[in-house]
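No experiment lies behind these values; they were computed from the predicted model shown.
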Amino acid sequence: MPSAFRQPVTFHVGLLEKRLDMIEQRADIEVLAETDGSYERPIPTKWRPVFRAIVASFLEHDYLLKSGVPGVVAVSEDTANHIQQYIADYGVTLAPLPDETWASSVCIWCGSHWDVLVDLWTREEGRSDLVLSARVADRNPDIVVEIHMVYVP
């Protein structure tokens, strides 16, 4: 195991990309949810299957998540319509989230929840400019995810 992974490493905002690269290179490292809101952090490992399931539903044009994703709050019709329309207007076909998405997707602690931006991938572009915006609350041992929108920041 490289020595960089044996000792805690302090990262500054300017070095976030380096930290994400290190995490991506070591897929076996568990990323934990941290409540330090001083800078953005990678998406915690235990949240990733939930976001993959959300995107899998979107791939099936199930923007209301009628098929159900455990831990995800029901999506309103307005939000579902917005997501569907934004993706259609962008003119691409969503793709499943690859492992690479976790190298650029981020969350930040906001005092009572985390704001999350998950980079979306498309068949045409690979990683696109589209992001899935959500809020995550910890209800130990589970999480509650509220989807806000899909958009280009």
Is a side-chain donor-acceptor pair under 3.5 Å present for Glu125 with Tyr90?
-> yes
Decide, yes or no, whether a salt bridge links Glu34 with Arg41 under the criterion of side-chain N to carboxylate O below 4.0 Å.
-> yes
Is a side-chain donor or acceptor of Asp62 paired with a backbone partner of Ser67 at a separation under 3.5 angstrom?
-> yes
Is the backbone of Leu97 close enough, under 3.5 Å, to the side chain of Thr101 for a donor and an acceptor to pair up by distance?
-> no
Atom OG of Ser105 and atom CD of Glu100: how far apart are they, to the nearest 0.5 Å?
-> 11.0 Å
When you measure from the side chain of Ser57 to the backbone N and O of Leu65, does any donor-acceptor pair fall under 3.5 Å?
-> no
Which of these passes side chain to side chain contact (heavy atoms under 4.5 Å, CB included) with Leu94: Leu120, Leu132, Val150?
-> Leu120
Could you state whether Ile143 and Ile108 fall into the same hydrophobic cluster, counting links through intermediate Ile, Leu, Val, Met, Phe, Trp or Tyr residues with side-chain heavy atoms under 4.5 angstrom apart?
-> no
When hydrophobic residues are tied together by side-chain contacts of less than 4.5 Å, even through go-betweens, does Val136 share a cluster with Val144?
-> no
Take Met149 and Thr79, measure what side chain to side chain contact (heavy atoms under 4.5 Å, CB included) needs, and give me the verdict at the end.
-> CA-CA 7 Å; Met149 67 179 86; Thr79 298; 5.6 Å; no
Is it possible for you to say whether Phe58 and Leu64 belong to one hydrophobic cluster, with membership spreading through side-chain heavy-atom contacts below 4.5 Å?
-> no
Does one hydrophobic cluster hold both Ile43 and Val73, with members joined at side-chain heavy-atom distances below 4.5 Å?
-> no
To the nearest 0.5 Å, atom CG of Asp89 lies from atom OH of Tyr86 at 8.5 Å
Given the rule in the side chain to side chain contact (heavy atoms under 4.5 Å, CB included) test, do Trp102 and Arg48 qualify, once you have shown the distances and angles that lead to the verdict?
-> CA-CA 8 Å; Trp102 311 121; Arg48 296 174 185 184; 3.6 Å; yes
Under 6.0 Å from the NZ atom of Lys66, do we count more than 12 heavy atoms belonging to anything else shown?
-> no
How far apart are the C-alpha atoms of His61 and Gln84, what are their side-chain angles, what is the distance that settles it, and do they pass the side chain to side chain contact (heavy atoms under 4.5 Å, CB included) test?
-> CA-CA 8 Å; His61 305 284; Gln84 180 180 15; 5.6 Å; no
State the SG-CZ distance between Cys107 and Arg135, to the nearest 0.5 angstrom.
-> 13.5 Å
Looking only at heavy atoms, the pair that brings Val116 and Val118 closest together is CG1-CG2, 3.7 Å
Does the side chain of Ser38 come under 3.5 Å of the side chain of Asp36 through a donor N or O and an acceptor N or O?
-> yes
Please examine the side chains of Leu130 and Val92, heavy atoms only from C-beta on, and report whether any two atoms are closer than 4.5 Å.
-> yes
Under the 3.5 angstrom rule, does the side chain of Glu124 hit a backbone N or O of Thr93 as a donor-acceptor pair?
-> yes
Using a strict cut-off of less than 4.0 Å between a Lys/Arg side-chain nitrogen and an Asp/Glu carboxylate oxygen, indicate whether Asp99 and Arg52 qualify as a salt bridge.
-> yes
Will you find, in the side chains of Asn81 and Glu77, an N or O donor that is under 3.5 Å from an N or O acceptor?
-> no
Can a donor-acceptor pair be found between the side chains of Ser128 and Trp121 at a distance below 3.5 Å?
-> no
Rounded to the nearest 0.5 angstrom, the CG-NE2 distance for Leu117 and His148 is 11.0 Å
Chi angles and distances behind the side chain to side chain contact (heavy atoms under 4.5 Å, CB included) call for Trp47, Val31 | CA-CA 10 Å; Trp47 301 359; Val31 177; over 6 Å; no
How long is the span from the CG atom in Asp138 to the OG atom in Ser112, to the nearest 0.5 Å?
-> 11.5 Å
Pro153: what forms a side-chain contact (heavy atoms from CB on, under 4.5 Å) with it, not counting sequence neighbours?
-> Val131, Tyr151
Main-chain N/O of Pro141 paired to Lys46 side chain as donor or acceptor, under 3.5 Å = yes
In short, Ile87 meets Tyr63 closest at the heavy-atom pair CD1-CE2, 3.9 Å
Does a donor on one side chain sit under 3.5 Å from an acceptor on the other, for Arg127 and Ser104?
-> yes
